[in-house]
Amino acid sequence: MDLRLTKTQNMFKRAAADFVKVEAPSHIVTEWFRNKATFLPDLYRKAANLGWLGMVVPERYGGASASFTDCAVVFEELGRVPLPGPLFSSGVLSALLVLEGASEAQKESLLPAICSGRSIVIVAITDKGVDWGTESVETRLTNTTGGFVLDGTKRFVYDAEGATSFICAARMENGGIALVLVNRESPGISITPHVGFMVSVAEVRFDRVKVAASSVLGEAGAGWQILDGALQKALPILCAYQVGACQEIFDFTAEYTRTRVVFGQPIGRFQRVQDHCVELSIHLDAARWVTYEALWKLDSGLPAAAGVHEAKAVASEAYYQVCNFSHMVHAGPGTDYGHPLMAHSLMAHTLYQYLGTPLHHKRKMMDALYPRGKG
Amino acid sequence: MDFNVQADTQEISVFRKEVREWLQENMRGAEGLRWSATWSTRENEEEYQFRRKLARELGEKGWLFPMFPVEYGGAGLTIDHQLVLETELDHSGINLAAVFYTLARIVAPVILKWGTEEQKREFLPPMLCGEVSVWQVLTEPQGGSDIATCHTKAIKNGNHYVVDGQKTMVGYHHPPDFLWTLVCTDPSGPRHENLSWLYIPGNSDGITIQPMSLMMGIKNTVFFDHVRVPAFNLVGGENNGWRVANTHLELEHGGEGRVGADPLVERVVAYCQQMRVAGAPLMEDTSIRDIIADMMIELHAVHLFARRNFWHRYVREPHPYGGAQFRYYQRMVRLRNGERLQQIMGCDALVPNLTVNEVVDFEYVVRSGPGMLHGGGTLDTDRLVFARRVGLGRPTKETAPTTI
Amino acid sequence: MDFSLSPDTPAIAAFRKEVQEWLQENMRGAEHLRWSGIWSTRENEEEYRFRRELARKLGEKGWLFPMFPVQYGGGGLTVDHQLVLETEIGRHGLNLNSVFYTLARLVAPAILKWGSEEQKREFLPPMLRGEVSVWQVLTEPQGGSDVATCRTKALRDGDHYVVNGQKIMVGYHHPPDFLWALVCTDPSGPRHENLSWLYIPGNSAGITIQPMHLMMGIKNSVFFDNVRVPAFNLVGGENNGWKVANTYLELEHGGGGNVTEDPLVVRLVRYCQRTQGDGKTLMEDQSIRDIIADTLIELDVVRLFALRNFWCRYVREPHPYGGVQYIYHQRVVRLRNAERLQRILGYDALVTDLSVHEQADFEYAVRSGPGWLHGGGTLDTDRLIFARRLGLGRPTGEAAPTTV
Ligand SMILES: Cc1cc2nc3c(=O)[nH]c(=O)nc-3n(C[C@H](O)[C@H](O)[C@H](O)COP(=O)(O)OP(=O)(O)OC[C@H]3O[C@@H](n4cnc5c(N)ncnc54)[C@H](O)[C@@H]3O)c2cc1C
Ligand SMILES: Cc1cc2nc3c(=O)[nH]c(=O)nc-3n(C[C@H](O)[C@H](O)[C@H](O)COP(=O)(O)OP(=O)(O)OC[C@H]3O[C@@H](n4cnc5c(N)ncnc54)[C@H](O)[C@@H]3O)c2cc1C
């Protein structure tokens, strides 16, 4: 047992912390979120130059062959901001998806571009808001001469705005699910941001979009298994991002209890305010340790499915509740869009849904541990 | 990071094998026993005798306190050995920290840290060898959570202290060999500077023990009536008791950590796999699965907090707020799990079951929700400690004391 | 006991019929409008005009404040009439308390209780007839929850007070006709004995209003720079403001009660009946039914608390702690419901839907969980008041003030 980060990981952590300090100071971040301007091409390029895209991708495809924990340490720092943009969705999730399911030729053409930031590849999975499973894939993929036609509307596509291509989950005529790579510039694609209490989420419409037969990722019909396989590895990185966010909120909330004075004393002397902080810390630390244990399992090649689903359930719930408890401590000023907490609140509500709610993942955890129909 | 508690080196795997074989040998005869919990409403003389014997046998090998120095009855081993012993005993359903009813696990480290050489040589070996039982005796009827307001007086008289007063809610259903007692040695002294710790032989004249039936079993009221205690038995210096208490309380308050996991979920799952309702096992019911998932996730987080605290303690970088956080959370989870059990198995959750170990007896778990909220301090005082350690509303943070 | 809101006597039945017909007539033209919440992120000029017009028409009949004396613009009616009006307007999706953006429901009772005859005759009729909008202006950047630490000064200068200072998080996105402001009239006076209330015309020279973008919509900072307010506009006596505040805050803190139902559950159920997920409607899903059941039960309890408070207010036996208990619980429930909506509806819970009334908009409901925790005091100050009223840790409980 050794619950410390390695030297290299501490270096990664410091580099990421230094980067966000310079590139994403709090007052600028609040403006991004207030204006919902969360795709920042310049920033994305800089992050790419630091090697944070495709960290877990093998070097021969342009990645860094880093461990999952290495990558998580970086994303934990990015979550503190919270740094928006498709660093996770393209640089981790899509990269892993390609790695997991694409043909060798597809890997060679896609991965280096994802890792360098030249391509931003975004997965578009569900056609529904509710439920996050195979049933939610309705967009159709129909055979035509020389290829396919893609038709349907993907809802709640996270980070759609910056995409140069989409990996779209589509229902084939035989009922199977295929993952199809589609260039964003293809005729028939339109993107409309969703309006509501969330960020970086848009509807992507595929209106009779033509795709080549060679655009199907890996084996047609195996789309969902490929996605599941990629999620198994990608989710804990997203969890680490949420852990970082929770840690940042904990830090600035504790600090606020020292500086905010009402009734003649710092509010941290009120037991009620302390109670909010206790609950906050429990969510934070539960998310932290469940996440890092899942990462350790992944890195050690141990069975990790249950742990990964658990981590997503705990971390998304934690981020959500940590925001709520911090709101209780900050009261009125914390609800002002000029306050850093609002960026986190928006992000927490969004990530609660992204790639499946806590309830969804709790059930997947149970299914991994105790398959149904086995008495 | 490495979460593995069984990543054995060559040397350690040899030790593990030794421990396993030893346990196989020495647990013989216990097959028919179902272990009682630390505080228990069960009464089983056979079990009690077995546990005391086991403790003595473990103690003889130094395995009760594996990391303590050999000269005091420990084994002088490393954290890795400690881990092996904890996990292997865990497999037998027993907890190294509470092989039988004694709080030596809290008292021994304090004496090791604060005792003089003579005191250590005298007091530690019997404790570390599992020969004596020790109670911790702090709480008073008036003071409650505020243990610094201590009315039990110990006044120096020649080579002795004379103790008078009353303590409440302490100990177990078996009598103590020693009472580790917080006393006031300077009734007119300022708060926090008038306390001391006495290691009082249980058979001293003037001690009366009166059992109290609490929700979780027997605790006692202890009356001290002119009890004469050798001055030698005052540990940590006269009127220095508050500082000594800090080491003590950090251990009691969860700072020691633990590596074993709560076996409750396994039993719940086994129950739900067997129990059929409307033709299908309960385990096929989505709502039941949802409830079990919540229980599991929360217990897992509790377990990881304990694991983290354990780690921090042994690398000697005490976690600033980990102890209080763990204890508070563990209790809240236990309280919620009490209700969850009733949701899952209905009235069955309220029936004691003597065929299983007490800690996985549903009725015990339901009861321990509210019943174990307050031992060693309440939810509220846990949160006070947390706030001080994080420095909420204060310019500086209180540091956690290093423990053993 | 009789929980029915409409077991009408013949007189009341006739009144109900009159109100129903009147509303049918006067709500014409509003069919396509979707009402905004009290604090709103929507902007709709047409709706705003309609609501102000409706308020004026209701006010003309004395129906905006049905139980207020006729001579001040009220209806001089009974609690039964008030109930009829509240429930009938509720059916049209509006709330009698906030037909448009004004806090007259809080300010009018305070002036009725504390104003001189001249003040009542001057200030009440425009307010009761729905002609003017009033903001409540208490919170300051430094003071926060501690409204008694009020730095906005109002110093007497001949027939006027001269006001200087800053308030925050007040008002709406439409400008106010009057500001009901807490001010300090004796900067060197003792705490709680140096406050007064001024009823300040919104168009006075020296007032600057700066919008703040909060989670629930626009609130404002108000700067007072040598604002001259006629001394006549000080209500309740100089330096007597703390006692006035008591009446006032009791209303804000839920002591008013209400009889309308939360439209959220109805919409939620309808939505779940229509929406397919996993091959069946959401309403067929056992675990979704469980979540809806929790939502339903909790909102029902909130509704019953409000009903109880309404009742206690109108029989003039104020409930000792009912107001804060209600406000606190309502907020906690709203926070839990926010997450429940996300669990049930997924991402759809986060999408603004302009085709329904804002109060039944899921996104609004999700946001108002955290966003509405603090208006008029926080969860923590609610609980402080609760403790005082019950006399927790004190020899006696504080009585709740009678309100109108
Ligand atoms: C199962 C069990 C085992 C125990 N074992 C032992 C033992 O081995 N040895 C021993 O000495 N004692 C033991 N105790 C006693 C235990 O330590 C006390 O119950 C505990 O310290 C609380 O004291 P009290 O019960 O008098 O509560 P009180 O102190 O009277 O507390 C009453 C209430 O006031 C709250 N409160 C008190 N102070 C504060 C504060 N400063 N801020 C906010 N809230 C506060 C408490 O949280 C509680 O809600 C045990 C108790 C139990 C239930
Ligand atoms: C949607 C909305 C609408 C509002 N509308 C109005 C309005 O119309 N008019 C108006 O005047 N104001 C209005 N306000 C302001 C509101 O009244 C204040 O936000 C509230 O009084 C709390 O003050 P604060 O936000 O400065 O929090 P602070 O007082 O700074 O509180 C910070 C933290 O300390 C805690 N705390 C403070 N004192 C104590 C104590 N004694 N014991 C325990 N804990 C304590 C709080 O609970 C909180 O957790 C509105 C606010 C919001 C969010």
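Residue numbering restarts at 1 for every chain, and letters A, B, ... go by the order of the sequence lines.
Ranking C:Gly371, C:Ala349, C:Pro370, C:Gly375 against chain A, the residue ahead of the rest is C:Pro370, based on heavy-atom pairs under 4.5 Å. Between chain C and the options A:Glu317, A:Arg34, A:His360, the largest number of non-hydrogen pairs under 4.5 Å is found for A:Glu317. The candidate with the highest count of non-hydrogen atom pairs below 4.5 Å against chain C, out of A:Asp336, A:Thr357, A:Thr126, is A:Asp336. Contacts with chain A were tallied for C:Leu379, C:Leu335, C:Asp353; C:Leu335 has the most, counting heavy-atom pairs under 4.5 Å.
With 3.5 Å as the limit, one finds no donor-acceptor pair spanning the side chains of C:Thr378 and A:Arg272.
Interface residue A:Ser345: only side-chain heavy atoms are found under 4.5 Å from chain C. When heavy atoms are compared at a cutoff of 4.5 Å, C:Gln142 approaches chain A solely by way of its backbone atoms N, CA, C and O. Using a 4.5 Å cut-off between heavy atoms, A:Val201 contacts chain C through its side chain alone, with no backbone atom that close. Only the side chain of A:His276 comes within contact range of chain C, judged by heavy atoms closer than 4.5 Å. With a 4.5 Å cut-off on non-hydrogen atoms, A:Pro333 touches chain C through its backbone and its side chain both. Heavy atoms of C:Arg383 lying under 4.5 Å from chain A belong to its backbone as well as its side chain. Both the backbone and the side chain of A:Phe156 come within contact range of chain C, with heavy atoms under 4.5 Å apart. Only the side chain of A:Met342 comes within less than 4.5 Å of a heavy atom in chain C; its backbone stays farther off. Both the backbone and the side chain of C:Leu350 come within contact range of chain A, each with at least one heavy atom under 4.5 Å from a heavy atom of that chain. If you measure heavy-atom distances from A:Glu135 to chain C, the contacts under 4.5 Å come from the side chain alone. Of the two parts of C:Leu282, only the side chain, counted from C-beta on, holds a non-hydrogen atom closer than 4.5 Å to a non-hydrogen atom of chain A. Heavy-atom distances place both the backbone and the side chain of C:Ala338 under 4.5 Å from chain A. When heavy atoms are compared at a cutoff of 4.5 Å, A:Tyr354 approaches chain C by way of both its backbone and its side chain. Residue C:Thr149: no heavy atom, backbone or side chain, is found under 4.5 Å from chain A.
Distance check: C:Gln342 CD to A:Leu359 CG gives 12.5 Å after rounding to the nearest 0.5 Å. One distance of note links CG of C:Asp361 with CZ of A:Phe197; it measures 13.0 Å at 0.5 Å rounding. Distance check: A:Met198 CE to C:Tyr347 OH gives 8.0 Å after rounding to the nearest 0.5 Å. Separating the CG atom in C:Asp380 from the CD atom in A:Gln271 is a distance of 11.5 Å, to the nearest 0.5 Å. Between C:Leu384 atom CG and A:Phe263 atom CZ the span is 7.0 Å, to the nearest 0.5 Å. Atoms NE2 and CE, from A:His339 and C:Met215 in turn, are 12.5 Å apart once rounded to the nearest 0.5 Å.
Looking only at side-chain heavy atoms (C-beta outward), A:Met328 and C:Leu373 come within less than 4.5 Å of each other. Between A:Val195 and C:Glu363 the shortest side-chain heavy-atom distance does not fall below 4.5 Å. Two residues are said to be in side-chain contact when any heavy atoms from C-beta on lie closer than 4.5 Å; C:Arg367 and A:His349 fail this criterion.
When all heavy atoms are compared, the tightest approach of A:Tyr337 to C:Leu214 is CE1-O, 3.5 Å. Nearest heavy-atom pair, C:Ser287 versus A:Arg363, reported as atom, atom and distance to 0.1 Å: OG-NH2, 2.6 Å.
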- Item | Criterion side-chain contact (heavy atoms from CB on, under 4.5 Å) on C:Thr275 and A:Lys128, from CA distance to verdict | CA-CA 10 Å; C:Thr275 306; A:Lys128 287 182 175 172; over 6 Å; no
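In this structure, the side chain of C:His374 engages the main chain of A:His327 through a donor-acceptor pair within 3.5 Å.
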